[in-house]
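Encoded as C-alpha cells, the structure appears first; notes follow it.
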Amino acid sequence: MRKRKPLNRCLDGVQPATARKAAPVSQEKATQELKVNGDVAASNETAVPEEGRNYWLLKAEPDSRFENGVDVKFSIDDLAAKKEPEPWDGIRAYAARNNLRAMKKGELAFFYHSNCKEPGIVGTMEIVREHSPDLSAHDPKAPYYDPKSKPDDPKWSVVHVKFRSKFAASIGLKELREMGGPGKPLENMQMLKQSRLSVSRVNPAEWEYLIGVAEERASAT
DNA sequence: GCCAACGTTGGC
DNA sequence: GCCAACGTTGGC
C-alpha cells in the first residue's frame with residue numbers, strides 16, 4: 001500500500017494529521033512482525049460484536065507517485081490481488097495513527113482513492129489484525145522513512161487489512177460532499193470535515209447509508 | 001502545476 | 001502554551 005509522508009517530532013500520542021498508505025516495499029517486513037497480536041489463525045472470525053463496532057475510511061493513491069524514490073501507488077485492485085493480509089503502512093500523522101490504533105479486528109473500512117482523477121470511495125476492506133509497529137519507518141529505503149522513529153520505541157503503527165469488495169460504481173468526492181450538506185446524511189462525516197486526514201472514522205449510520213448507495217448503483221446497472 | 005486548507009514546527 | 005511561519009495534502 002501506500003501512503004503519504006513523514007513529518008513530525010516526538011510527543012507521543014496526541015494529535016493529528018494525515019498520511020496515506022505507502023508502497024509495497026515494506027510489506028514483507030511488516031507481515032513478519034505480526035507477533036504483537038499474535039493470533040493469525042483466528043483472523044477470519046469477526047471479533048467485534050455488531051454494536052460498539054466502528055467503521056473507517058482509509059485513503060491510498062491509485063496513481064504512480066514517487067516518494068523517496070519508491071512508487072507509492074496502491075489501488076483497490078492492488079489490494080484485491082494480495083493473498084496475505086496487507087499492512088497499511090506509511091501513516092505519519094498522529095491523528096491518523098491514533099485512528100489506526102483504535103481499530104478492532106473484524107471492523108470494516110472504506111477504501112478511498114485520493115490524489116487522482118476521480119477521487120472517491122471505491123470499495124471495502126476488513127481489519128484482520130490490530131495495530132503493530134510500522135517497521136517501514138525504520139527503513140531508509142522506504143517511501144516514508146522516519147529517522148525519528150526508533151526500533152526500540154516505534155512511533156508509527158500499521159493495521160493489517162484484507163480486501164472485501166469493489167463497488168460496481170465508485171462514490172465520488174463530489175457526491176460525498178453533496179451528501180454532506182446541512183441536514184444531509186453525511187453532514188458530520190469526519191473525512192469531509194478533515195479533508196487531509198488519511199485515516200478517518202465513519203459512524204454506523206454513515207456506513208449503512210453509503211453501503212446502501214453503493215448497492216443501489218450496483219443494481220441500477 | 002497551482003494553491004487553499006490545515007497540520008506541524010519552533011521561538012518566545 | 002500561544003501563534004506565526006512553514007510544509008504538506010490533495011482537489012482541481
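Values reported hereafter were calculated over all heavy atoms of this structure, with side chains retained and with hydrogens, waters and symmetry mates removed. So that the names make sense, note that chain A is the first sequence line, chain B the second, and so on, each numbered from 1.
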(request) Would you kindly give the OH-to-P distance between A/Y94 and B/dG7, to the nearest whole Å? (result) 15 Å
(message) If the condition is salt bridge (charged side-chain N to carboxylate O under 4.0 Å, His left out), which residues does A/K166 pass it with, not counting sequence neighbours?
(response) A/D77
(message) Please enumerate all residues that pass ring-ring contact (aromatic ring centres under 6.0 Å, His included) together with A/F110, with sequence neighbours excluded.
(response) A/W207
(request) Would you kindly give the NE2-to-P distance between A/H113 and C/dG11, to the nearest whole Å? (result) 12 Å
(message) If only side-chain N and O atoms count, and only distance matters, is there a donor-acceptor pair under 3.5 Å linking A/D78 with A/S75?
(response) yes
(message) Can you pull out the residues from residues 116-125 of chain A that lie within a 4.0 Å heavy-atom distance of DNA chain C?
(response) A/P119
(message) Measure CD/A/Q190 against P/C/dT9 and give the value in whole Å, please.
(response) 17 Å
(request) Taking all heavy atoms of A/K105 and all of A/E130, pick out the closest pair and write down the distance. (result) N-OE2, 2.8 Å
(request) Return no unless some side-chain N or O of A/R177 is found under 4.0 Å from OP1 or OP2 of C/dC12. (result) yes
(request) Report yes if some heavy atom in the side chain of A/K193 is under 4.5 Å from a heavy atom in the side chain of A/N188; otherwise report no. (result) yes
(message) Whole angstroms only, please: what is the CG-P distance between A/N98 and B/dG7?
(response) 14 Å
(message) Going by side-chain hydrogen bond (donor to acceptor under 3.5 Å, both in side chains), name the pairs with one or both residues in residues 173-185 of chain A, residues two or more places apart or in two chains.
(response) A/E175-A/R217
(message) So, OP1 or OP2 of C/dG11: does either fall under 4.0 Å of a side-chain N or O from A/Y112?
(response) yes
(request) Please report, rounded to the nearest Å, how far the C1' atom of C/dT9 is from the CZ atom of A/R65. (result) 9 Å
(request) Applying side chain to side chain contact (heavy atoms under 4.5 Å, CB included), name anything that partners A/A102, two or more places apart in sequence or on another chain. (result) A/W56, A/R201
Pairwise N/O distances under 3.5 Å, protein to nucleotides 2-6 of chain B:
| from | atom 1 | to | atom 2 | distance (Å) |
| --- | --- | --- | --- | --- |
| B/dC6 | O2 | A/R196 | NH1 | 2.1 |

(request) Look at A/D63 together with A/K117 and state whether they make a salt bridge at an N to O cut-off of under 4.0 Å. (result) no
(message) Just the rounded figure in Å: distance from C1' of C/dG11 to CD of A/E175.
(response) 15 Å
(request) Round to the nearest Å and state the distance from A/L192 atom CG to C/dG11 atom P. (result) 11 Å
(request) Can you figure out which of B/dT8, C/dG10, C/dG11 approaches the side chain of A/K59 most closely? (result) C/dG10
(request) Could you tell me whether A/D146 and A/R92 have a side-chain N and a carboxylate O separated by less than 4.0 Å? (result) no
(message) Between P on C/dC12 and NZ on A/K174, what's the gap in Å once rounded to a whole number?
(response) 8 Å
